Enquirer: 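Pasting a structure below so you can have a look.
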Protein chains: 4
Amino acid sequence: MSGYLNKVQLIGNLGTDPEIRRTQDGRPIANMRIATSESWRDKNTGEKKTKTEWHTVVVFSEGLCKVVEQYVNKGDKIFIEGQLATRKWQDQSGQDRWSTEIVLQGFDAKLIMLPSSSGSGYRAGGDGAGDYGYDDDRASGRSSSSSSSGSTRGQSSSSGGSFSRDLDDDIPF
Amino acid sequence: MSGYLNKVQLIGNLGTDPEIRRTQDGRPIANMRIATSESWRDKNTGEKKTKTEWHTVVVFSEGLCKVVEQYVNKGDKIFIEGQLATRKWQDQSGQDRWSTEIVLQGFDAKLIMLPSSSGSGYRAGGDGAGDYGYDDDRASGRSSSSSSSGSTRGQSSSSGGSFSRDLDDDIPF
Amino acid sequence: MSGYLNKVQLIGNLGTDPEIRRTQDGRPIANMRIATSESWRDKNTGEKKTKTEWHTVVVFSEGLCKVVEQYVNKGDKIFIEGQLATRKWQDQSGQDRWSTEIVLQGFDAKLIMLPSSSGSGYRAGGDGAGDYGYDDDRASGRSSSSSSSGSTRGQSSSSGGSFSRDLDDDIPF
Amino acid sequence: MSGYLNKVQLIGNLGTDPEIRRTQDGRPIANMRIATSESWRDKNTGEKKTKTEWHTVVVFSEGLCKVVEQYVNKGDKIFIEGQLATRKWQDQSGQDRWSTEIVLQGFDAKLIMLPSSSGSGYRAGGDGAGDYGYDDDRASGRSSSSSSSGSTRGQSSSSGGSFSRDLDDDIPF
DNA sequence: TTTT
DNA sequence: TTTT
């Protein structure tokens with residue numbers, strides 16, 4: 001509400017295909033594992049070093065979930081902007097555990113597909129991400145709970161596209 | 001819509017009071033001049049140098065305009081997040097000119113008031129920034145070129161507060 | 001090194017005083033717990049809700065550590081920019097655990113002190129944050145596991161100041 | 001010097017090849033024109049609209065200039081992070097003009113090549129951007145004024161790579 | 001024109 | 001544990 005900023009931005013690659021699950025009332029939630037890496041040359045040894053960081057991204061935004069479901073695949077490079085959230089859960093032995101995730105929900109959420117360099121992907125022609133016809137009722141506040149696709153996952157479109165926050169989220173973030 | 005990012009973030013101080021004007025259909029637009037500075041010590045001379053950069057910020061977001069109108073004053077420090085836009089206009093002699101501004105509009109817009117260190121400001125009690133309860137009609141599609149305050153400018157509240165994207169419902173911000 | 005972005009930005013308040021420890025070779029490391037909050041009004045009940053997120057920030061940057069040590073206190077509001085890093089550790093029972101932290105290290109690290117609105121703080125006069133004149137040995141490759149202050153913690157300066165990346169020369173910051 | 005943030009981030013495409021010029025003392029400066037676009041559906045007419053914004057990016061960072069010179073071409077998509085700077089100049093008639101540019105200089109500067117979807121580019125094998133062997137004397141503060149390439153511009157490498165700030169800049173920013 |  |  002007041003005077004705070006909580007922002008995460010990543011450009012990285014998906015380690016696996018996104019996992020889409022649904023809440024009891026049918027809302028989709030997408031999970032992605034995204035890798036970012038850094039390389040540097042060791043000051044002393046001159047050796048080249050690399051460190052890869054893995055991030056868990058959870059997409060609550062219904063609009064972005066649809067995009068993830070249809071256009072995002074293992075290996076793809078994406079830009080995401082979301083918020084940090086640490087969640088408490090219990091492991092099998094009942095012990096408290098915490099997981100920190102990057103949450104894409106509400107207006108701050110952003111996802112930009114960055115063309116995969118692998119080029120192995122199917123390059124969508126007229127139906128690329130850029131034309132996904134995401135008829136923006138987000139901005140108008142209408143709550144078209146238009147089901148969303150089932151499970152048809154497109155081939156990697158590799159076309160690039162920007163998708164940002166949607167208004168029909170009611171889950172606080 | 002697709003594959004692009006255009007983001008500006010500033011933390012700086014207002015050089016003057018914001019200027020609020022209105023479109024013919026009554027929508028408010030706020031203009032602010034914000035200074036950011038940098039200092040460094042010259043590598044050769046050891047001299048300390050400072051450079052101040054002045055930024056023009058234009059607030060189209062109706063909700064943020066109300067906030068600016070009520071809580072933001074000359075000298076205040078704020079964080080803003082918006083987009084770059086270059087606008088063409090004609091000077092007196094009819095020559096084309098361009099001005100680059102930082103636009104706060106739509107969902108990407110964000111404004112956080114940062115408590116003024118001067119402390120000269122009037123510290124609002126129960127009616128602080130966090131309770132301003134404005135409702136914006138941009139996101140809802142309504143175009144109520146309504147009311148909104150006239151010119152009553154509060155004293156510098158110095159209370160700090162975050163105001164983001166135009167929303168009139170419960171979606172957190 | 002290549003094609004990745006891993007960035008976190010927070011504006012929040014410290015829940016406790018920073019904790020400064022030192023590595024065996026004398027380098028300081030600062031830990032801070034920073035809170036960010038969000039408020040929203042529940043769409044259905046109309047109830048006002050708040051959620052506070054706590055973040056663990058670890059400062060490896062020697063220059064920023066000095067700043068934290070001298071100027072940052074419980075309750076202060078700061079802006080930080082760093083990177084996400086997830087660290088594995090073993091709990092008492094030898095089980096693997098992971099913690100995600102925001103790391104301030106190297107050139108991407110940034111810390112801006114935002115004047116505390118509480119104003120309870122001691123306002124440093126001539127020795128304000130802007131004059132701290134620290135020189136960092138990280139960027140220069142020197143590993144002077146040197147000096148640096150012991151434990152003298154200033155009162156909350158509330159003066160505001162920006163401290164970024166490790167540098168001991170004239171490059172502006 | 002203290003308490004300010006001035007940050008611009010873009011993901012966009014180059015409208016033309018970068019232009020590299022040199023200062024009298026041989027330092028390279030690269031200029032790029034980068035486009036970002038937005039699309040939306042008009043609330044009233046339902047019409048699809050697009051607006052493209054053009055940004056002028058000036059690279060003072062010597063390391064990033066080399067990268068731009070070798071790897072960045074017309075049409076390429078890149079991520080850049082820099083600072084806003086408004087510069088005054090005189091037109092032919094001696095009138096004052098101002099231009100706002102995004103400056104990549106010093107530590108805040110960042111450039112990430114995003115694989116071009118066009119795929120028309122020559123895909124560098126072992127000498128791709130990722131292997132550019134930018135032997136990081138930046139971090140060590142050494143000032144290897146190693147000339148830099150002349151004008152050999154590689155074909156679009158499409159390989160992606162991240163390049164960030166260098167220490168050997170002395171031009172303030 | 002602000003601020004430190 | 002902070003802050004508003």
Side-chain angles (χ1 to χ4, degrees), chain A residues 1-6 86, chain B residues 10-19 31-39 48 50-57 71-78 112-120 123-132 156-163, chain C residues 10-19 31-39 48 50-57 71-78 112-120 123-132 156-163 173, chain D residues 1-6:
Chain A
M1 142 278 301
S2 165
Y4 299 102
L5 180 72
N6 175 357
T86 298
Chain B
L10 301 179
I11 292 178
N13 297 90
L14 278 82
T16 64
D17 275 332
E19 291 175 14
N31 272 265
M32 298 186 282
R33 289 283 288 170
I34 295 183
T36 58
S37 291
E38 289 186 278
S39 297
K48 196 176 179 183
T50 298
K51 185 167 186 297
T52 295
E53 199 67 45
W54 286 98
H55 311 271
T56 298
V57 175
Y71 301 111
V72 179
N73 295 282
K74 174 179 174 176
D76 286 354
K77 176 163 283 189
I78 62 175
I112 298 178
M113 297 183 63
L114 302 171
S116 164
S117 61
S118 69
S120 65
R123 172 63 180 77
D127 65 311
D131 300 303
Y132 60 100
S156 176
S157 80
S158 294
S159 61
S162 166
F163 309 98
Chain C
L10 301 178
I11 292 177
N13 298 88
L14 278 83
T16 64
D17 275 333
E19 291 175 15
N31 272 265
M32 297 185 282
R33 289 283 287 171
I34 295 184
T36 57
S37 292
E38 289 186 278
S39 297
K48 196 176 178 185
T50 298
K51 185 167 187 295
T52 294
E53 199 67 44
W54 285 98
H55 311 271
T56 297
V57 175
Y71 301 110
V72 179
N73 294 282
K74 172 180 176 175
D76 286 353
K77 175 162 285 189
I78 62 176
I112 297 177
M113 296 183 63
L114 302 172
S116 165
S117 61
S118 68
S120 65
R123 173 64 181 77
D127 66 310
D131 300 303
Y132 60 99
S156 177
S157 79
S158 294
S159 61
S162 168
F163 310 98
F173 62 98
Chain D
M1 148 274 302
S2 165
Y4 299 101
L5 180 72
N6 175 358

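All values derive from a computational prediction rather than experimental measurement. Chain identifiers are assigned alphabetically (A, B, ...) following the order of the sequence lines, protein sequences preceding nucleic acid strands; residue numbering begins at 1 within each chain.
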Enquirer: D:Tyr4 on top of E:dT3's base, within under 5.5 Å and under 30°?
Expert: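 Here D:Tyr4 fails the 5.5 Å or the 30° condition.
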Enquirer: Could you measure the distance from the OG1 atom of C:Thr36 to the NE2 atom of C:His55? Nearest 0.5 Å is fine.
Expert: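 Spacing of OG1 (C:Thr36) from NE2 (C:His55) equals 3.0 Å.
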Enquirer: In Å and rounded to the nearest 0.5 Å, what is the CG to CG distance from B:Asp17 to B:Asn31?
Expert: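 Rounded to the nearest 0.5 Å, the CG-CG separation comes out at 13.0 Å.
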Enquirer: Roughly, in whole Å, what's the span from CG in D:Asn6 to C1' in E:dT3?
Expert: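 About 15 Å, once rounded to whole Å.
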Enquirer: Sequence neighbours left out, what passes side-chain hydrogen bond (donor to acceptor under 3.5 Å, both in side chains) with B:Thr56? Give chain and number order.
Expert: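 Once residues adjacent in sequence are excluded, the partners of B:Thr56 under the side-chain hydrogen bond (donor to acceptor under 3.5 Å, both in side chains) criterion are B:Arg33.
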Enquirer: Distance check needed: F:dT1 P versus C:Asn73 CG, whole Å only.
Expert: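 After rounding, the gap between these two atoms is 19 Å.
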Enquirer: In whole angstrom, what separates C:Leu10's CG from F:dT2's C1'?
Expert: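 Computing the C:Leu10:CG to F:dT2:C1' distance gives 13 Å.
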Enquirer: Tell me if the side-chain of B:Thr52 makes a donor-acceptor pair with the base of E:dT3, cut-off 3.5 Å, by modelled atom types.
Expert: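 No such pair is found, so the answer is no.
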Enquirer: Of all the nucleotides listed (F:dT2, E:dT1, E:dT2), which has the minimum atom distance to the side chain of C:Asn13?
Expert: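 Nearest to the side-chain atoms of C:Asn13, counting from C-beta on, is F:dT2.
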Enquirer: Let me confirm one number: the CE-CD1 distance from B:Met113 to B:Ile78, rounded to the nearest 0.5 Å.
Expert: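 Atom-to-atom, B:Met113:CE and B:Ile78:CD1 are 8.0 Å apart.
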Enquirer: What integer distance in Å separates C:Asp76:CG from F:dT4:P?
Expert: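 In whole Å, F:dT4 P and C:Asp76 CG are 11 Å from each other.
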Enquirer: F:dT4 base to C:Ser39 side chain: any donor-acceptor pair below 3.5 Å?
Expert: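 Under the 3.5 Å cut-off, the side chain and the base do not form any donor-acceptor pair.
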Enquirer: Given E:dT2, F:dT2, F:dT1, identify the nucleotide with an atom nearest to the side chain of C:Ala35.
Expert: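 Within the option list, the nearest is F:dT2.
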Enquirer: Apply the test side-chain contact (heavy atoms from CB on, under 4.5 Å) to residues B:Glu38 and D:Asn6: give CA-CA distance (whole Å), side-chain angles for both, the deciding distance (0.1 Å), then the verdict.
Expert: CA-CA 9 Å; B:Glu38 289 186 278; D:Asn6 175 358; 5.6 Å; no
Enquirer: Can you tell me the distance, in whole Å, between the CD atom of C:Glu53 and the P atom of F:dT2?
Expert: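 Checked: the CD to P distance equals 16 Å.
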Enquirer: Grab the CD1-P distance between B:Ile11 and E:dT3 for me, whole Å please.
Expert: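 It is 17 Å, rounded to the nearest whole Å.
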Enquirer: As a test of reading the structure: which of F:dT1, F:dT3, E:dT1 is closest to the side chain of C:Ser37, going by heavy atoms?
Expert: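 When the side chain of C:Ser37 is considered, F:dT3 is the closest of F:dT1, F:dT3, E:dT1.
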Enquirer: To the nearest Å, give me how far apart CD1 (B:Ile112) and P (F:dT4) are.
Expert: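 In whole Å, F:dT4 P lies 14 Å from B:Ile112 CD1.
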Enquirer: Can you measure C:His55 atom NE2 to F:dT2 atom P for me and round it to whole angstrom units?
Expert: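 Those two atoms, NE2 and P, are 15 Å apart.
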